[in-house]
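Presented below is the structure to which this report refers.
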Amino acid sequence: MSGHRSNGAVQFECGSWENHSYKDKEKHREHKKPRDHKKRKERKEREKSAKHKDSSGKKHRDKDKIKHRHGSKDKHKHREKKRDDKEKPEGLDKEKPKGLLLVKEVKYEPDSDTHHLTVPKHKHTLKMEGNDDNSSDSKLKKIKTERDEKISRKRKQDDCKEVVKPKKAKDQNGEDSDGKKKATKEPEDTYKWWKEKRYTDGTKWTTLEHKGPVFDPEYEPLPNHVKFCYNGERMKLSPGAEEVATFYAKLMHHDYVTKDIFRKNFFNDWQKDMTEEEKAKIKDLAKCDFREIRDYFKAQTEARRALSREEKQKTKDENERLLQEYGFCIMDKQKERIANFRTEPPGLFRGRGDHPKMGMLKLRIKPEDCTINCSKDSKWPKPPPGKEWKEVRHDNKVTWLVSWADNIKGSMKYIMLNSSSRVKGEKDWEKFETARKLKKCVDRIRAQYRDDWKSNEMKVRQRAVALYFIDKLALRAGNEKEEGETADTVGCCSLRVEHITLHQEKDGEPYVVEFDFLGKDCIRYYNAIPVEKRVFKNLRRFMENKQPQDDLFDRVTTDILNKHLQELMEGLTAKVFRTYNASITLQQQLKELTKSRDNVDTKVLQYNRANRAVAILCNHQRAAPKTFEASMQTLQAKIDTKREQLSVAKREAKRAKAEYKEKTTEKFRRTAESKKKAVLRIEEQLMKLDLQATDREENKQIALSTSKLNYLDPRISVAWCKSFDVPIEKIYNKSQRDKFACFIDMADEEFEF
DNA sequence: AAGTTGACTTAGGACATAAAAT
DNA sequence: ATTTTATGTCCTAAGTCAACTT
């Protein structure tokens with residue numbers, strides 16, 4: 001059963017990959033971290049002074065003598081220089097005819113009145129048809145401004161035609177392609193945005209109406225008998241301090257509370273909400289005892305769980321009511337689901353990994369913090385009684401409905417639409433089309449960066465090696481992050497010398513690069529992979545005379561890289577490589593692993609394996625479920641029992657058969673037959689269990705959902721389902737089907753990524 | 001050019017619910 | 001019917017990338 005690991009089947013050249021759960025990671029960093037901090041700081045200083053020096057004008061480097069990493073500013077300087085000298089190489093084909101197009105603009109007339117959830121009468125139309133190759137050129141680019149409007153209008157016309165033709169090819173499930181149909185199965189009102197026109201000028205909507213956010217309820221003070229306890233003394237806290245204390249109490253089961261930074265940040269912020277007396281008294285978190293509070297909440301949860309069926313139903317109904325009232329908006333006459341219609345509740349900030357801000361107080365969001373975005377002529381959402389919005393604006397170049405500033409990072413938070421919405425779907429579609437476009441020119445781009453490994457310009461060489469990693473290993477771009485504001489994680493461009501180790505030879509392979517760093521969400525990336533000699537030598541050079549904390553690619557930033565990519569292909573950025581490589585890998589793996597004579601369950605297992613190959617490539621990990629071992633064991637036990645059952649059944653079947661042979665009466669014939677059937681049935685069950693075990697084991701620390709939701713062109717899966725007779729429900733659950741409705745509707749089994 | 005910020009995608013874990021086992 | 005386990009949803013942090021500011 002759980003015998004085979006997927007690795008054999010599925011792993012491609014990326015070399016070994018080990019997963020480490022979150023915990024491991026922590027450990028992993030533990031020792032180096034503290035020092036790191038210091039170092040990085042020093043580094044900063046160093047950079048600063050270096051900068052001065054440098055500015056005195058040398059253009060050194062380029063020649064490998066780079067000695068230190070230059071600070072960002074510095075970096076840029078150098079970069080700049082380089083810029084003029086070169087630039088040429090890539091230029092070659094930069095310009096493919098840009099455009100493309102499809103899409104036209106929509107003219108929804110503001111149509112006054114109530115937008116009520118009426119389903120539009122589609123005006124059909126065209127649009128980029130995803131499947132055929134022509135699509136690739138379809139870049140739905142947004143034509144800039146009204147200045148261009150006329151042009152685009154003209155253009156549009158032509159485009160229309162072009163685009164239109166591909167259309168007929170499709171849908172064969174009884175619907176006629178242009179959307180007019182819907183006779184049968186489709187619930188008349190599913191809105192197919194993909195059959196509508198699109199905006200091409202950056203406009204996101206013409207009309208937008210919604211009810212605003214749902215706020216977290218006001219704080220309700222604890223009952224009087226529940227008290228906080230300081231240094232053995234029970235005391236009632238002032239409401240402000242008490243509320244913050246409850247946030248802590250609710251997190252006590254978590255290991256966040258054992259971390260110093262968390263405790264320090266929490267205590268610091270907590271004090272701000274204390275009265276003078278409290279502040280004077282409560283000086284040490286170690287002397288604080290929140291257990292009573294914690295127990296109170298525990299009891300509450302418990303009580304809630306024990307509620308009667310009717311009462312539970314009541315809260316359920318209430319939630320449903322809120323959803324109906326606030327969970328939808330009307331955008332361009334369509335009723336669309338909102339993803340997050342509630343503001344985030346107050347609490348203690350939980351960053352991932354070693355986040356310097358963990359434990360800080362996240363403030364309650366109030367109407368005064370919220371900016372509302374809706375159309376001018378719609379019914380604006382009303383702030384709660386006595387309150388005001390911070391602002392109401394009418395910006396139809398953005399898709400959000402409400403925004404506020406987060407007090408921890410100072411960044412913006414938004415309320416946006418659900419992934420089944422038109423605005424999200426269009427972007428998704430565009431994303432995959434861009435990736436398919438890359439497919440068409442990836443050879444050229446690869447040839448180019450390989451060529452650039454030889455460039456005599458350091459910047460070009462670094463850029464080429466970085467791009468190679470992004471392509472081959474599916475690394476993220478790696479933007480520069482502000483030090484001290486976030487956990488120390490990196491992506492490709494921000495890799496530091498300490499994150500890789502070069503091995504002239506490792507495990508029999510020449511020129512091996514070993515990566516070990518923390519990426520997004522502090523997920524560890526570990527991989528040892530053989531590279532070409534030229535890459536290896538370049539890396540050695542990039543590392544020369546640098547400290548471990550220095551940037552590996554000191555002449556490259558995501559900006560530089562993306563600008564370069566943009567020249568190679570319109571719309572190309574670093575992340576397109578992940579999308580492309582993920583999708584193409586799925587397609588290949590499916591091709592390789594699926595056999596049409598297998599049964600559906602087996603096919604699904606193979607699908608999951610293909611999916612897993614992608615997840616491994618993209619390093620999508622998860623903590624192994626806490627109950628993993630236990631559940632694996634019970635499953636194993638089940639399998640064992642089933643096995644026994646099987647042998648018993650077989651024995652019986654054999655006997656019955658023999659008996660029947662002896663006396664060929666109808667009765668014996670029947671028993672023999674039914675015994676035989678029992679065997680088959682049990683065999684099937686056993687096989688199913690085995691599959692389950694295998695799948696689960698292989699999935700222990702791998703998260704499939706991220707790639708499935710974000711990186712894999714759904715049309716590949718849809719086509720696979722169709723050609724192998726696997727119901728789509730086996731692959732996508734309801735919300736995934738909603739999210740991918742357009743792809744499910746459009747792709748046929750011929751689809752090729 | 002460098003730094004900043006806004007908007008949007010990608011991400012894993014927590015939590016709720018459904019389904020299966022007992 | 002109750003408990004356990006699997007699955008799906010929610011939540012919001014953490015990225016990417018380009019436009020804007022300085």
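Proteins come first, then strands; the chains are lettered A, B, ... in the order of their sequence lines, and each starts at number 1.
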Counting only heavy atoms not in A/Lys390 (residues, nucleotides, ligands), do more than 12 fall under 6.0 Å from its NZ?
no

Mind checking A/Ala339 for me? I need base, sugar-phosphate or nothing, with any heavy atom below 4.0 Å counting as a touch.
nothing

Using whole Å, report how far CG of A/Leu709 lies from P of C/dT9.
10 Å

List every contact pair, protein side and nucleotides 14-21 of chain B side both N or O, where the distance is under 3.5 Å.
from	atom 1	to	atom 2	distance (Å)
B/dA14	OP1	A/His254	NE2	3.4

Below 30° counts as parallel, above 60° as perpendicular, anything between as tilted: where do the rings of A/Phe432 and A/Phe743 land?
perpendicular

Sugar-phosphate only, base, or nothing, as touched by A/Asn479 at under 4.0 Å among non-hydrogen atoms
base

Checking A/Glu430 against A/Lys427 for the salt bridge (Lys or Arg N to Asp or Glu O under 4.0 Å) test, could you report, in this order, the C-alpha distance in whole Å, the side-chain angles of both residues, the deciding distance, and whether it holds?
CA-CA 5 Å; A/Glu430 185 178 340; A/Lys427 267 213 134 187; over 6 Å; no

Reckon A/Arg578 touches a base, only the sugar-phosphate, or nothing at all at heavy-atom distances under 4.0 Å?
sugar-phosphate

Sequence neighbours excluded, which residues qualify as ring-ring contact (aromatic ring centres under 6.0 Å, His included) partners of A/Phe515?
A/Phe469

Residues in contact with DNA chain C, drawn from residues 728-736 of chain A - heavy-atom cutoff 4.0 Å
A/Asn733, A/Ser735

Rounded to whole Å, please give me the gap between CD in A/Glu320 and P in C/dT9.
14 Å

Tell me which of A/His355 and A/Thr558 sits closer to the 5' end of DNA chain C, going by the nucleotide each one is nearest to.
A/His355

What is the nucleic acid contact for A/Gly491, judged by heavy atoms within less than 4.0 Å: base, sugar-phosphate only, or nothing?
nothing

Counting only N and O atoms by type, is there a donor-acceptor contact under 3.5 Å from the side chain of A/Lys312 to the main-chain atoms of A/Arg305?
yes

Side-chain contact, heavy-atom cut-off 4.5 Å: A/Asp554 with A/Gln462?
yes

For side-chain contact (heavy atoms from CB on, under 4.5 Å), just list the numbers for A/Leu438 and A/Ile445, CA-CA rounded to whole Å, side-chain angles, deciding distance to a tenth of an Å, and then say yes or no.
CA-CA 9 Å; A/Leu438 171 58; A/Ile445 289 171; 3.8 Å; yes

Just checking A/Lys575: base, sugar-phosphate only, or nothing, at a heavy-atom cut-off of under 4.0 Å?
sugar-phosphate

Compute whether any side-chain donor of one residue and acceptor of the other, for A/Gln324 and A/Glu320, lie under 3.5 angstrom apart.
yes

If only side-chain N and O atoms of A/Tyr711 are considered, is one of them under 4.0 Å from the OP1 or OP2 phosphate oxygen of B/dA11?
yes

Just how far, in rounded Å, is P of B/dA11 from CG of A/Leu475?
13 Å

Identify the pairs formed between an N or O of the protein and an N or O of nucleotides 6-8 of chain B at a distance under 3.5 Å, and give each distance.
from	atom 1	to	atom 2	distance (Å)
B/dA7	OP2	A/Tyr414	OH	2.8
B/dA7	O5'	A/Tyr414	OH	3.4
B/dC8	OP1	A/Lys204	NZ	3.0
B/dC8	OP2	A/Thr399	N	3.1
B/dC8	OP2	A/Thr399	OG1	3.0

Is the number of heavy atoms from other residues, nucleotides or ligands under 6.0 Å of A/Glu391 CD greater than 12?
yes

Inspect the surroundings of NZ in A/Lys413 and state if more than 12 heavy atoms from other residues, nucleotides or ligands are less than 6.0 Å away.
yes

Quickly work out the A/Lys563 NZ to C/dT16 P distance and round it to whole Å.
16 Å

Would you kindly give the CG-to-P distance between A/Asn340 and C/dC10, to the nearest whole Å?
11 Å

Could you check which of C/dG15, B/dG12, C/dA13 has an atom nearest any side-chain atom of A/His620?
B/dG12

A/Asn733 and A/Ser735 side chains, donor-acceptor separation under 3.5 Å
yes

Indicate whether OP1 or OP2 belonging to C/dC10 is found under 4.0 Å from a side-chain N or O atom of A/Arg342.
no

Using modelled atom types and a 3.5 Å cut-off, is there a donor and acceptor pairing between side-chain atoms of A/Asn265 and backbone atoms of A/Leu361?
no

What is the separation between atom CD1 on A/Ile415 and atom P on C/dC11, rounded to the nearest whole Å?
11 Å

Atom CD of A/Glu570 and atom P of C/dC17: how far apart are they, to the nearest Å?
16 Å

Proximity to the side chain of A/Phe349 - top-ranked nucleotide from C/dT12, B/dA11, C/dA13
C/dA13

Answer yes when A/Asp690 and A/Arg643 have at least one side-chain N-carboxylate O distance shorter than 4.0 Å, and no when they do not.
yes

Are a donor atom and an acceptor atom from the side chains of A/Ser631 and A/Arg696 found within less than 3.5 Å of each other?
yes

With sequence neighbours excluded, residues passing ring-ring contact (aromatic ring centres under 6.0 Å, His included) with A/His355
A/Phe349

I want to verify a distance call: between C/dA6, C/dC17, C/dT12, whose nearest atom is closest to the A/Arg696 side chain?
C/dA6

OP1 or OP2 of B/dT9 versus the side-chain N and O atoms of A/Asn710: is any pair under 4.0 Å?
no

Looking only at the side chain of A/Ala574 (C-beta and beyond, no hydrogens), which of the listed nucleotides C/dC17, C/dA14, C/dC11 gets closest?
C/dC17

Find which nucleotide of DNA chain C each of A/Thr627 and A/Lys520 is nearest to by heavy atoms, and output the residue with the more 5' nucleotide.
A/Thr627

Rounded distance (Å) that lies between atom C1' of B/dT5 and atom NZ of A/Lys481:
17 Å

Candidate pair A/Phe266 and A/Tyr256, rule side-chain contact (heavy atoms from CB on, under 4.5 Å), full reasoning
CA-CA 11 Å; A/Phe266 160 71; A/Tyr256 272 117; over 6 Å; no

Please check the phosphate of B/dA11 (OP1 and OP2 only) for any side-chain N or O of A/Thr706 closer than 4.0 Å.
no

Members of residues 357-365 of chain A that approach DNA chain C, where some heavy atom sits under 4.0 Å away
A/Lys362

